[in-house]
Amino acid sequence: MKKNFYLDVLLFVACLTCIVTGVVMDFHLFSGGREVKMQLRSVHLWSGYIMGAGFLLHIAWHTSWIKYAAKQVLGKKE
């Protein structure tokens, strides 16, 4: 259960970071030149990578629940 909590925290932080940096870059809310823009882009890119990897790990850890829920929804009889 602890691993799920830590993964959820990691996903939340990565998602929040990706959203904030995306909004800041989109609305040009930063002061500075090219260096600041490249830093924001780098943080945005890596937080997206971390989010994607965390999502895949989350799905892998919950495959049994996904199978069970799919059987319930689809009404598969055993």
Between atom CG of Leu7 and atom NE2 of His62, what is the distance when rounded to the nearest 0.5 Å? 8.0 Å
Let me check something: do Leu74 and Trp65 share a hydrophobic cluster, defined by ILVMFWY side-chain heavy atoms less than 4.5 Å apart, either directly or through other members? no
Please tabulate, for side-chain N and O atoms in residues 46-56, each donor-acceptor pair with protein atoms closer than 3.5 Å (sequence neighbours left out).
residue : atom : partner : partner atom : Å
Ser47   : OG   : Val43   : O            : 3.0
Ser47   : OG   : His44   : O            : 2.9

Hydrophobic clusters here meaning ILVMFWY residues chained together by side-chain heavy-atom distances under 4.5 Å, can you tell me if Leu40 and Val23 are in one? yes
Measure the OG1-CG distance between Thr21 and Leu29 for me, rounded to the nearest 0.5 Å. 11.5 Å
Could you tell me the separation between the CZ atom of Phe30 and the CE atom of Met25, rounded to the nearest 0.5 Å? 8.5 Å
For the hydrophobic clusters of this structure (ILVMFWY residues joined by side-chain heavy atoms under 4.5 Å, transitively), does one cluster hold both Val13 and Tyr6? yes
Check the surroundings of atom OH in Tyr68: do more than 12 heavy atoms from other residues, nucleotides or ligands lie under 6.0 Å from it? no
Between Leu10 and Phe5, is there shared hydrophobic-cluster membership here, with clusters defined by ILVMFWY side-chain heavy atoms closer than 4.5 Å? no
Verify the cluster assignment for Leu11 and Ile59: are they in a single hydrophobic cluster under the rule of side-chain heavy atoms below 4.5 Å apart? no
Residues which pass side chain to side chain donor-acceptor pair (under 3.5 Å) with Thr17, listed by chain and number, not counting sequence neighbours: none
Find the distance between CG (Asp26) and CD1 (Ile19) and round it off to the nearest 0.5 Å. 13.0 Å
